[in-house]
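The structure appears right after this line, and notes come after that.
Note: hydrogens, waters and symmetry copies are ignored here, and every other heavy atom, side chains too, is used. Per chain, numbering begins at 1; letters A, B, ... match sequence-line order.
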2 protein chains.
Amino acid sequence: MATDRINRYGRGREALLAATIAVVAERGLHGLTFRAVAELAGVNNTLISHHFGTKDALLHEAVAWATARAIRLSDLSATETIDGDFARALVELVASEPQLQVFQYEFVLEARRRPDLREEAVALYEGYIEALEVALTRHGHTHARPLARAVFAALDGLVFQQLTVADPDVVQEAIERVGRLLEASLIESRQSA
Amino acid sequence: MATDRINRYGRGREALLAATIAVVAERGLHGLTFRAVAELAGVNNTLISHHFGTKDALLHEAVAWATARAIRLSDLSATETIDGDFARALVELVASEPQLQVFQYEFVLEARRRPDLREEAVALYEGYIEALEVALTRHGHTHARPLARAVFAALDGLVFQQLTVADPDVVQEAIERVGRLLEASLIESRQSA
DNA sequence: CAGACAACTAAGCAACTGCATAGTTTTATG
DNA sequence: CATAAAACTATGCAGTTGCTTAGTTGTCTG
């Protein structure tokens, strides 16, 4: 239809970036081909060369796009407490956007072998941890950086489990357990003070 | 040399399995090719077809080999406490065998899209969690399954960080912090009882 | 509404892929 | 030490890959 053309023209670039994330999540990095991405985006595969040049550059831009979106969606610094509501919301987020989450694990692993992606990977993780540290400090935890790293690792690991091997229900229960560990830690630090 | 032939003949199969893990870890699943694996193993690439048939079957066998080795190396059920010694040992393990660890993340992500690998992925993770549950119960924790899942997720997430974005030192510090969270939890549960 | 510029497509190629076929070398065994 | 089975290699091919080249279509601006 003509409306398709009108709506699509000029939007190939963003369609390719979105398709890149979907393809990597659904088929892995070994399934990331010009033709697979282009087909999902509804454009010709040579449009990738036009907009991004190489496959490496396409992935790099998709990484920047995805990390920006991921950090925005999960604003950890706004976290009040890790309770049932938090656990439910996190499990829900993963269930509603699994591709975005899977893409992050794929790209961070790839960053191990591609120095040009390292910076984004470090920024993504340190950004998450920093946001959590802010929230934990606000709640009375001191020297909270290592704690924030550990708690983020737990949440990250549980998201990974939900995506790969575990039921959402047991993941949610485990997240709530993390929250109770934090409470107990706060109580104990008050008593010993 | 003749000794090379004598030493190598009949060992192609295991050499290929070991090479598969190394190639996946160092070049990713998209770098897993018959020729890359064969070159690293020091054999002809058609030997893969001979021993395993297809590339999928090669990966499947490598997964079985790697998971058996990984579970053996990190016997979590023998864990006494998560203290400085434990943290140092875990960081050391990851530093000494990074390929085995990276391979596990790669294969578990791949298991999301390949049903024939799901069983191994679930068995690997539930095996880790079960072993931890045994250790935690022994130390007085009750209803320890969700706790074991959460603590394993934290350790898993921290190993992932060490492999990709974080210094071993800060990872070690965070692991020790996990141990202290467990202690505080035990103390609090005793007081409220 | 001309024409310049950007977005986009069609066709194709050299390199690489998994793997089949056919043959050789080594080892185990009677 | 003959011979059969198993381990291994050489050659090659059809399909797929990233990306180039050459051209078309749509949009924006004066």
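- With respect to A:Arg149 and B:Glu173, no salt bridge is recorded, no charged nitrogen being found less than 4.0 Å from a carboxylate O.
- As rounded to whole Å, 6 Å separates atom P of D:dT9 from atom CG of B:Leu47.
- At whole-Å resolution of the value, NE2 in A:His30 and C1' in D:dT16 are 14 Å apart.
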Worked verdict on A:Arg11 versus A:Glu14 for salt bridge (Lys or Arg N to Asp or Glu O under 4.0 Å) | CA-CA 6 Å; A:Arg11 301 228 159 98; A:Glu14 56 182 316; 3.7 Å; yes
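- Using a 4.5 Å cut-off on side-chain heavy atoms (C-beta onward), A:Leu93 and A:Ser74 make contact.
- In this structure, B:Glu39 places its CD atom 13 Å from P of D:dT9, rounding to the nearest Å.
- Distances shown here put a side-chain N or O of A:Asn44 below 4.0 Å from the OP1 or OP2 atom of C:dA10.
- A:Arg11 has its CZ atom 16 Å from the P atom of D:dG26, to the nearest Å.
- Between C:dC19 and B:His50, no contact under 4.0 Å exists linking OP1 or OP2 to a side-chain N or O.
- Taking the nucleotide of DNA chain C with the nearest heavy atom to each of B:Phe34 and A:Val43, the more 5' of the two is matched to A:Val43.
- Residue A:Lys55 has its side chain nearest to D:dC19 when only C:dC8, C:dC19, D:dC19 are considered.
- Here the nucleotide nearest the side chain of B:Thr46, chosen from C:dT9, D:dC8, D:dT11, is D:dT11.
- Rounded to whole Å, atom P of C:dG18 lies 15 Å from atom CZ of B:Phe52.
- Checking the phosphate oxygens (OP1, OP2) of D:dC8, a side-chain nitrogen or oxygen of B:His51 falls inside 4.0 Å.
- Atom CZ of B:Arg35 is separated from atom C1' of D:dT17 by 14 Å (rounded to the nearest Å).
- Note: CG (A:Leu59) to P (D:dC19) measures 12 Å, nearest angstrom.
- Using a 4.0 Å cut-off between charged side-chain N and carboxylate O, B:Glu188 and A:Arg180 make no salt bridge.
- Nearest to the side-chain atoms of A:Tyr9 among the listed nucleotides C:dT26, D:dT25, C:dT9 stands D:dT25.
- In this structure, A:Leu16 reaches neither bases nor backbone, as no heavy-atom distance under 4.0 Å exists between it and the strands shown.
- At the heavy-atom level, A:Leu58 lies nowhere under 4.0 Å from the strands shown.
- Residue order along DNA chain C, read from the 5' end via each residue's closest nucleotide, puts A:Asn45 first among B:Gly53 and A:Asn45.
- Ion pairing between B:Glu106 and B:Arg27 fails under the 4.0 Å rule for side-chain N and carboxylate O.
- Among the protein residues, B:Thr33 comes within range of the sugar-phosphate backbone only, with heavy atoms under 4.0 Å from sugar or phosphate atoms but none that close to a base.
- At whole-Å resolution of the value, CZ in A:Arg8 and P in C:dT9 are 9 Å apart.
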